[in-house]
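For ligands, and for the atoms within them, numbers begin at 1 and follow the listed sequence. Bear in mind that the values here come from a model prediction, so they are computed numbers and not experimental data.
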Amino acid sequence: MLPAMTTDARSRRNYLPDERPPVDLAGIVRLRDFEAPARERIHPAAWAYYAGGGYDEHVLADTLAAWDAFRLRPRVLTGVTGIDATTTILGRPASLPIGIAPAALHGLAHREGELATARAATAAGAIHVVSTVASHTIEDVAAAAPGGRRWFQLYVQRERAVTRALVERAAAAGYEALCLTVDLPVLGYRDEVLRLHFDPGADAYANLPRRDVWRPDADLDEMVDMRSVELTWNDLDEIRSWAPIPLVLKGILTAEDARLAVEHGADAVWVSNHGGRQLDRVAAGIDVLEGIVDAVEGRAEVYLDGGIRRAPEILPAPALGARAVFTARPFLWALACAGEAGVTHGFGILREELERGLALMGTPTPASLTRGHVTRVRGA
Ligand code: LAC
């Protein structure tokens, strides 16, 4: 049941998860198994925020269904010994070609929030992209898991000085890349955010100035204000000048923008529809990946997110030219179920699925997958 609308702010704020014993991980054999027990633990308003999409949410379902148009083409009798799921991402080794995509407020899934996520990602040797709108500070997340591969997702704030300070703090704390989200000039129209009058509390966003916007007449842009509507390609040089770390542009869906990204010096292009949370009726990333890889022509790395739950959705990505894939919601579910141990278990499942998947494809490494290993059976 959703909490009733009330004039008592305290009863509607924080949306903290239930304190319950962790889920028995022995029963979790695929990432989707985390979803139902996570939902029991996460506050209904937080669940609606995490799970929701933009407008009528066609893109949420379409992104999951897009994989149905692809078929893997395994090769047999290739003598696949030495299966190795490791890869390099931005020139450094990663134990898996899958990382944790940025998502707001891990503290709504588990009280340890991004601290637990960071520890699990670091133990797994995977990249963890920490959101500007994290529940814990940039520095605390870094300190929780020294040595981890960590990127900072940037929402440009209205005050450039505030934005610059975030970037400088991330670089100083050892975040190795800046992941600028470019598909949020304004927040997508989100019915549930409006209905619930989403407000996780004035202190929810550890890296941003304190905000207290819970008022009956607050609008979308006050509730989740990450807009950067004035941003243009010409701002990228300035943003890059703030820290000597690679720049990843996340939220690209067209070959035209992928070309512009490369021309403006992006080190990587991240193909994404923002978890279906922004504009509805846009493409699933996997549907536009090949065209974007062709447009980039090897001048930058290409990543993909969108509906990735299991190895058969990871394998097509390197085959079609993506260096890595990312996913967010399944890791939030895992976090809600068992904190750090849940996320660690999630990575264990993915590794097992992927190593088996590589063997079944007849390819020892993600890099040995080629376009010939995938075909499209329908759709454009
Ligand atoms: C969202 C933003 C804040 O999708 O990333 O809610």
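- Salt bridge absent: Glu35 and Arg329 never bring a charged side-chain N and a carboxylate O closer than 4.0 Å.
- Ring-plane geometry between His43 and Tyr15 is classed as tilted, the angle between the planes lying from 30 to 60 degrees on a 0 to 90 degree scale.
- With a heavy-atom cut-off of 4.0 Å, His274 touches ligand 1 through its side chain alone.
- Set against the non-hydrogen atoms of Arg190, the atoms of ligand 1 under 4.0 Å away are 1 (C), 4 (O), 6 (O).
- The distance from ligand 1 to the heavy atoms of Tyr155 drops below 4.0 Å at these ligand atoms: 2 (C), 3 (C), 5 (O).
- Closest heavy-atom approach to atom 6 (O) of ligand 1 among the candidates Tyr50, Tyr49, Phe198: Tyr49.
- Ring-plane geometry between Trp270 and Trp151 is classed as perpendicular, the angle between the planes exceeding 60 degrees on a 0 to 90 degree scale with a lower cut at 30.
- Electrostatic pairing of Glu40 and Arg20 counts as a salt bridge here, judged by a charged N lying under 4.0 Å from a carboxylate O.
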